[in-house]
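One-based numbering along the sequence shown. What you see below is based on every heavy atom in this structure, not just the backbone, and it leaves out hydrogens, waters and symmetry mates. Quantities reported herein were computed from a predicted structural model and do not represent experimental measurements.
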Amino acid sequence: MSKSRADTKVIVVGGGGTMGSSTALHLLRNGYTPVNITVLDTYEIPSAQSAGNDLNKIMGIRIRNPVDIQLSLEARDMWRNDPVFKPYFHNTGRLDTGSSPEEIEYLKKAYKTSIEAGVGLEKCTEWLDTEDEILAKAPQLDREQIKGWKAIWNADGGWLAAAKAINSIGEVLRTSGVKFGFGGGGSFKAPLFGADGTTCIGVETVDGTKYYADKVVLAAGAWTSVLVDLEEQCVSKAWVYAHIQLTPEEAAQYKNIPVVYNGDLGFFFEPNEYGIIKVCDEFPGFTRFKQHKPYGASKQKKISVPRSHAKHPTDTIPLESHASIGRAIDAFLPKFKHKKRFNQALCWCTDTADANLLITEHPEWKNFIIASGDSGHSFKLLPNIGKHIVELLEGRLADDLKESWKWRAGSGDALKSRRAAPARDLADLPGWNHDGEVNSATASLEELRLSQKQTAETGRARQAKL
C-alpha cells in the first residue's frame with residue numbers, strides 16, 4: 001500500500017532556487033506534512049547561487065509551443081492573484097523590438113503566432129510599425145536611437161521582483177515548519193540507494209550528513225549537470241548584467257517604463273525602489289568547460305561548471321561584455337551612458353537542446369527526480385512549476401508535459417540550443433576573473449549596499465516630514 005501525502009517524506013535539493021522553492025511550496029499546498037519536507041541548499045533562501053536571486057526578471061507569455069502557452073498563462077494568473085506572488089509582479093508592459101531585417105522578420109512571425117493562438121493574446125498585443133507608436137508606449141526612449149525599429153507591445157508583460165518572490169516562498173516554508181539544511185549540510189554529494197542499488201532513499205551531503213526520504217527532487221539549477229550525469233542534455237551557461245544608479249529625480253522619470261527587449265542589443269527594466277536599473281546584453285552565453293566527473297558518470301568528461309559569484313565575489317564580466325552592455329545603454333538609455341556601472345556579474349542558467357525543461361524521474365534511479373533545463377525562461381513559472389513537479393512525484397503529470405520534459409539524451413546540441421550560435425568559453429575571454437584582487441567588483445557590492453541604505457534613509461526622512 002502506497003503512503004499517503006501526509007506520511008511521505010520528500011527532499012528538495014536546491015530548494016533555495018526557482019524550481020526547488022516552488023516544489024517545496026506546492027508540497028505544502030498538496031497536504032504534505034511540513035516536517036516531512038526537507039529543503040537543502042548551499043545558501044539560505046533565496047539562494048545566493050540561484051539565477052532567481054536577482055533584482056528582476058522578465059514576465060511575458062511564451063508562444064513557442066502549446067506547453068509553453070499553457071504554463072505561461074497559468075503563471076500569469078498566479079502572479080496576478082496569488083498572495084504569495086502578487087506583490088512582486090510589476091505589470092508595466094513589455095516591448096519586444098528589433099531593427100535588423102532578421103529581427104523584424106522574427107517579430108512579425110511572433111506577432112502573428114500570438115494573435116492566432118486562440119488564448120486571448122490578441123486583446124493585449126499590438127504591432128508597432130513606427131517610431132511614434134513605440135514612443136507612445138515608452139516616451140523615455142530616444143527617437144534618434146530607435147530609427148528603423150519595429151516592435152510588439154504586450155500589455156500583459158512586465159517584470160518580476162525575483163529575489164523577493166523567492167523569499168516570499170521562503171517565509172511560507174519557514175513559518176510552516178519545513179526542515180532546512182544549508183552550507184555543507186545542504187550541499188549535495190550523492191544519492192543514497194536501498195538494497196536493490198537503484199531505488200533512491202535519500203541523499204548524502206558534502207559534510208557527510210545523510211538525509212532519508214521516499215522521494216528526492218534535484219533542482220539545483222545550473223549546478224544540476226555538475227552534480228549528476230545528465231548525459232549532455234543540459235549545458236550550463238552564463239549571461240551578464242550591470243546595474244546603474246539613478247537619482248530619485250531621474251528614477252521618477254522612468255517609473256512604469258515597460259521592459260524593453262531588443263534581440264540585437266539586450267534589455268533593461270524600470271528602476272526599482274532604490275533607483276537601480278539593470279541592463280543586460282543579448283548573446284548566446286558563456287560556458288566554463290572543465291574535466292569533471294558528476295555522480296553516475298563512468299569517468300571524467302568535459303562539463304560546463306558554473307563559478308558561483310557568491311563564492312567568488314571579485315568576479316566581474318569579460319572585457320567584451322563591457323562593450324556590448326555599453327552599446328545597449330547607448331541605445332536604451334543614452335542620457336545615462338556616462339554613469340558608472342556597478343555589480344557587473346555573471347548569472348548562470350542551463351540550456352537544453354530544444355529549450356524545453358528537463359523534469360523527469362531518472363531513468364535508472366527510482367524516486368530520484370531531475371528538475372532542470374530552464375533555458376533562460378523558467379523564472380516566470382516560479383508560482384506554478386512546483387505544482388507540476390509534485391504531479392510528477394505522484395504519477396499524475398499530464399501526458400503533454402511528460403513528453404515535453406522527458407529524459408532525451410542524444411537528441412540535440414545543448415551547447416547551441418535555440419540560440420543563434422554556440423556559447424563561447426570563458427577560458428578564451430579576459431577580464432572577468434579577479435582572484436586574489438580587491439577590485440571594483442567588491443567595491444561595487446559595497447556601493448550597492450551603501451546606495452540602498454542611503455535611499456532608504458532618505459525615504460524615511462521624507463516620510464517623517466509629511
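Ring planes of F342 and H243: perpendicular class, angle over 60° (limits at 30 and 60°). Aromatic ring pairs are classed by plane angle as parallel below 30°, tilted from 30° to 60° and perpendicular above 60°; the pair F269 and W159 is perpendicular. Note: W127 and Y111 have tilted aromatic rings, judged against thresholds of 30 and 60 degrees for the angle between ring planes. Using bins of under 30°, 30° to 60° and over 60° for the plane-to-plane angle, the ring pair W405/H388 lands in the perpendicular bin.
Using modelled atom types, one finds no donor on one side chain facing an acceptor on the other under 3.5 Å when comparing R76 with N91. Of the N and O atoms on the side chains of D207 and T205, at least one donor lies less than 3.5 Å from an acceptor on the other residue.
A salt bridge is defined here as a Lys NZ or Arg NE, NH1 or NH2 lying under 4.0 Å from an Asp or Glu carboxylate O, and E74 with K380 fails to meet this definition. Between K164 and E273, at least one side-chain N (NZ, or NE/NH1/NH2) sits under 4.0 Å from a carboxylate O, which counts as a salt bridge. Salt bridge absent: D142 and K147 never bring a charged side-chain N and a carboxylate O closer than 4.0 Å. Using a 4.0 Å cut-off between charged nitrogen and carboxylate oxygen, D156 and R80 count as a salt-bridge pair. Ion pair K108/E105 not flagged as a salt bridge, since none of the NZ, NE, NH1 or NH2 atoms sits closer than 4.0 Å to an Asp/Glu carboxylate oxygen. K150 and E103 are not joined by a salt bridge, as no carboxylate oxygen comes within less than 4.0 angstrom of a charged side-chain nitrogen. With respect to E320 and R424, a salt bridge is recorded, a charged nitrogen being found less than 4.0 Å from a carboxylate O.
A distance-only check finds a donor-acceptor pair linking the side chain of W348 to the backbone of R307 [under 3.5 Å]. Counting only distance, with no hydrogens or angles, the side chain of D54 and the backbone of A161 share no donor-acceptor pair below 3.5 Å. For the pair T97 (side chain) and Y261 (backbone), a donor-acceptor distance under 3.5 Å is present. At distances below 3.5 Å, not a single donor-acceptor pair connects side-chain atoms of H90 with backbone N or O atoms of E270. No side-chain donor-acceptor contact under 3.5 Å links E116 to the backbone of T113. With S72 contributing its side chain and D68 its backbone, the two residues share a donor-acceptor pair below 3.5 Å. Judged by distance alone, the side chain of S22 and the main-chain N or O of T18 form no donor-acceptor pair under 3.5 Å. Between the side chain of H292 and the main chain of F289, no donor-acceptor pair closer than 3.5 Å is present. Proximity of a side-chain donor or acceptor of S308 to a complementary backbone N or O of A310 within less than 3.5 Å is detected. Under the 3.5 Å distance criterion, the side-chain polar atoms of N256 are left unmatched by any main-chain donor or acceptor of P258.
For S99 against D264, the heavy-atom pair with the smallest separation is N-OD2, 3.7 Å. Closest heavy-atom contact between R341 and H322: NH1-O, 2.9 Å. Of all the heavy atoms in Y211 and G181, the pair that sits closest is OH-CA, 4.0 Å. Across L173 and L25, no two heavy atoms sit closer than the pair CD2-N, 3.9 Å. Minimum heavy-atom separation, G185 to L40: O-CD2, 3.8 Å. Of all non-hydrogen atoms in N384 and A75, the two that sit nearest each other are OD1-CB, 3.3 Å.
We find the CG-CG distance between L393 and L27 to be 6.5 Å, quoted to the nearest 0.5 Å. The distance from the CG atom of L73 to the CG atom of L121 is 6.0 Å, given to the nearest 0.5 Å. With rounding to the nearest 0.5 Å, the separation of OG1 in T316 from NE2 in H309 is 7.5 Å. Atom CZ of residue R174 and atom CZ of residue F180 lie 6.0 Å apart, to the nearest 0.5 angstrom.
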* To do: With salt bridge (charged side-chain N to carboxylate O under 4.0 Å, His left out) as the test, would you mind laying out the steps for D82 and R29 before giving the verdict?
  => CA-CA 13 Å; D82 192 303; R29 290 183 170 184; 2.7 Å; yes

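For the side-chain contact (heavy atoms from CB on, under 4.5 Å) criterion with D41, the lone passing option out of S21, S47, S187 is S47.
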